[in-house]
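Note that ligands are numbered from 1 as they come in the structure, with each ligand's atoms numbered from 1 the same way.
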Amino acid sequence: MSFASHPSFSLDSRRVVPLRQGSPRPQGRYVLYFCQVQKRAEWNPALDYAVEWANHLGLPVVVYEGLRPDYPHASWRHHRFILDGVNELATRLAARGIAHWFFLPKLGDRFPMVAQLAQSAALVVTDDYPTFIVPRHNAKLAQVLDCPLYAVDGCDVVPLRVFERAFPSAAVLRPHLHKLLPDLLRRSDPSPIPLRDSLSLPLPQLAGLRRGIELPTDSSELDRLVAETGVDRSVVPAIGVRGGRSAGLGRLTKFLRDGLPRYGDGRNLADVDVTSGLSPYLHYGMLSADEIARAAIAAHPAGLADPSVAAFIEELLVRRHLAHNFCLFTKEHQTVRALPAWTQASMREHEPDKRATIYDLQQLLWGRTSDPLWNAIQTELRELGEPHGYMRMLWGKRVIEWSPSYEEALQRLIYLNDHYAYDGRDPNGYTNMLWCFGLHDRPFARRPVFGLMRPMSSDGAGKRAQGPLYIDRVRRTLLGQSARGRSEQLTLGGR
Ligand SMILES: Cc1cc2nc3c(=O)[nH]c(=O)nc-3n(C[C@H](O)[C@H](O)[C@H](O)COP(=O)(O)OP(=O)(O)OC[C@H]3O[C@@H](n4cnc5c(N)ncnc54)[C@H](O)[C@@H]3O)c2cc1C
């Protein structure tokens, strides 16, 4: 694996992937950071890398952020969450002397913005990310740009490309990560790399650059803008959920105070609010895994020796890295063909098994099955966009039983998850949906339909995770939302 960084740069070079090498364009007027994933001005290795180049070349930094209307599963919910964070990102960048250029195209618009902005750039930095539309974007950019292009990984605590292979399980990966962790926590400087004062230029002074769109702060105005883009408006934002870094930091503070002390014992209890709720902010890069890990370790005097901190770091460090590692090294991570040989063999044997009940996608979408616990999870996903972590496992497993084939089951899960979950379209999602089919797991005793996959039933999961109380909790949350003015009729089991 080849890493590239300038010898005088302080950023961990293992995070930098050169996609197009060469000398910076001599007449370049700025360093361009094309911000696709890590939408934050702090704790952002890609931005810091752009700043290091800018300081080195004596140029300003321009951050370009565009929100296309045509990405898979684009909706009012996803668009609004991202738009919530745009003004704040611009303000935080401005505090670092960095210009922000935002663009919000409508369906049918052409938007070759990166290529246009890159024409005046000395070089381009962007995010390295193992899934969704980013790898395709980056490969295309490497072909069309005529200046250097670097992708920088800001996904995880441990740089993703430190390892050159896919790991078969958390058990195999865990010791490698824990070996690297102390040095990484000690080494990396959490304060952002400062841009030299003389290089801070407001956008209008960067000759030839028109201002990008300025967003209103009023929430109904933001919704009007979303409507004008033409994205799917049937997936509405959940009441009370707000995107943006401040909202994410608010959740982090609350979690460190109320959730983390109980995380060890309580994370699998679905009727209580113990888990962090940080995955949407991690997914949209509004918070970094690194900063959350440090905050959690610092929150307890015993640090990692505290069982709750250790349980949380297991998810944030190990499970998260395993998911990113899997997607990085497995091109077809959205199909059952990506599964290990033992589960593929089991699927071949059990594909013909008779399914007791088959539901169609609409029945699943509206939570119209005979299983009230599953309906509650699906309702939480559809209406609130943040299903409980433990319940998500049962949610995935049951769809296997109710679908005509394994591949169809996976595609239904991907559709529902990516359409409705705030944290959807994420390496964690694809990996965990495949976990339901045996990925990163071991064979269990053979059963009809499940074959050798780990089985899970609503009775068992319901007992473990306080299923009846969870159903009640989802119902009460929805009633609370409709009392707060939501116009749709929100009932468990559909409309
Ligand atoms: C079928 C299924 C689908 C899933 N889809 C997604 C998805 O689309 N996006 C997503 O981010 N997660 C997904 N997960 C993983 C997990 O359920 C969520 O990350 C977690 O519930 C998010 O809630 P939280 O932030 O409160 O988690 P916490 O329990 O507070 O954990 C903190 C962070 O650790 C990471 N994490 C936790 N559990 C896992 C895990 N099992 N694998 C990888 N990382 C983990 C996440 O980044 C999470 O935000 C899915 C799990 C299943 C079983």
Side-chain angles (χ1 to χ4, degrees), residues 37 73 78 129-132 155-157 167 169-170 173-174 177 241 248 251-252 254-256 258-260 262-270 272-293 295-296 308-327 333-334 374 377-378 380-381 384-400 409-410 412-441 453-454 456 461 465:
V37 181
H73 309 286
H78 289 306
Y129 192 68
T131 192
F132 199 51
C155 295
D156 288 280
V157 183
F167 284 86
S169 67
L173 174 62
R174 190 175 298 115
L177 292 173
V241 177
R251 278 202 186 183
L252 175 59
K254 182 173 177 300
F255 170 66
L256 295 176
D258 305 335
L260 184 60
R262 295 186 293 156
Y263 192 86
D265 296 330
R267 67 187 181 284
N268 289 341
L269 300 176
V272 284
D273 212 2
V274 166
T275 65
S276 68
L278 292 175
S279 59
Y281 302 90
L282 281 161
H283 171 71
Y284 284 112
M286 292 158 180
L287 298 181
S288 91
D290 196 11
E291 72 176 314
I292 297 171
S308 278
V309 175
F312 181 67
I313 293 296
E314 166 68 15
E315 304 298 342
L316 185 70
L317 175 79
V318 181
R319 294 284 164 184
R320 186 178 162 82
H321 197 111
L322 184 67
H324 284 80
N325 168 273
F326 170 72
C327 289
H333 53 254
Q334 295 190 35
W374 192 90
I377 310 168
Q378 171 59 24
E380 189 177 40
L381 168 65
L384 306 175
E386 297 187 81
H388 187 273
Y390 184 80
M391 285 299 161
R392 259 176 153 169
M393 297 192 277
L394 176 68
W395 175 79
K397 289 281 184 186
R398 292 238 65 187
V399 172
I400 298 174
L410 178 65
R412 289 167 163 197
L413 288 174
I414 292 177
Y415 175 83
L416 295 172
N417 189 70
D418 286 3
H419 225 61
Y420 292 101
Y422 275 106
D423 63 11
R425 305 162 305 128
D426 189 281
N428 288 354
Y430 303 123
T431 306
N432 278 283
M433 285 184 267
L434 284 171
W435 172 88
C436 297
F437 297 78
L439 177 67
H440 297 150
D441 207 359
M453 295 169 205
R454 178 193 296 263
M456 219 169 154

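Interface of G424 with ligand 1, defined as ligand atoms under 4.0 Å from a residue heavy atom, comprises 8 (O). Atoms of ligand 1 found under 4.0 Å from any heavy atom of G277 (numbered from 1 in listed order, with element): 24 (P), 25 (O), 26 (O). Near R320, meaning under 4.0 Å from one of its heavy atoms, ligand 1 places the atoms 43 (C), 44 (N), 47 (O). The contact set between ligand 1 and L316, taken as ligand atoms under 4.0 Å from a residue heavy atom, comprises 33 (C), 34 (O). Below 4.0 Å from some heavy atom of L282 lie the following atoms of ligand 1, by number and element: 47 (O), 49 (O).
The protein heavy atom nearest to atom 40 (C) of ligand 1 is N432 ND2, 3.5 Å. In terms of protein heavy-atom proximity, atom 27 (O) of ligand 1 is closest to S276 OG, 4.0 Å. In terms of protein heavy-atom proximity, atom 11 (O) of ligand 1 is nearest to N428 ND2, 3.2 Å. Of the protein's non-hydrogen atoms, the one nearest atom 36 (N) of ligand 1 is E315 O, 3.7 Å. Residue, atom and distance of the protein heavy atom nearest to atom 21 (O) of ligand 1 are G389 CA, 3.2 Å. Among protein heavy atoms, atom 9 (N) of ligand 1 sits closest to D423 O, 3.0 Å. Scanning all protein heavy atoms for the shortest distance to atom 1 (C) of ligand 1 gives R392 O, 3.5 Å.
Because its NZ or CZ atom is not both nearer than 6.0 Å to the ring centre of W374 and within 45° of the ring axis, K397 does not count as a cation-pi partner of that residue.
Using a 4.5 Å cut-off on side-chain heavy atoms (C-beta onward), Y390 and R267 make no contact. Between N428 and H283 there is no side-chain heavy-atom pair separated by less than 4.5 Å. In this structure, Q334 and T131 have side chains that are in contact, with non-hydrogen atoms separated by less than 4.5 Å.
With sequence neighbours left out, the side-chain contact (heavy atoms from CB on, under 4.5 Å) criterion links E291 to W43, R245, L249, L287, S288.
Classification of R319 and E314 as a salt-bridged pair holds, one side-chain N sitting under 4.0 Å from a carboxylate O. Salt bridge E386/R251: present, at least one basic N to carboxylate O contact under 4.0 Å.
Close to ligand 1: Y263, with a non-hydrogen atom less than 4.0 angstrom away. Using a 4.0 Å heavy-atom cutoff, M393 is listed among the residues neighbouring ligand 1.
Under 4.0 Å from ligand 1, the heavy atoms of N417 that appear belong solely to its side chain. The side chain of F312, and not its backbone, has at least one atom closer than 4.0 Å to an atom of ligand 1 (non-hydrogen atoms only; side chain from C-beta on).
Ring geometry for F255 versus F312: interplanar angle of 30 to 60°, hence tilted.
Every N/O-N/O distance between G396 and ligand 1 stays at or above 3.5 Å.
Side chains of Y284 and H78: a donor on one and an acceptor on the other come within 3.5 Å.
Pairs of residues two or more places apart, or lying in two chains, that qualify as salt bridge (Lys or Arg N to Asp or Glu O under 4.0 Å) and include a residue from residues 412-433 are R392-D423, E408-R412.
Compare P427, C155, A311, S279 by their heavy atoms: the one nearest to atom 49 (O) of ligand 1 is in S279.
Rounded to the nearest 0.5 Å, atoms SG (C327) and CG (L434) are 8.0 Å apart.
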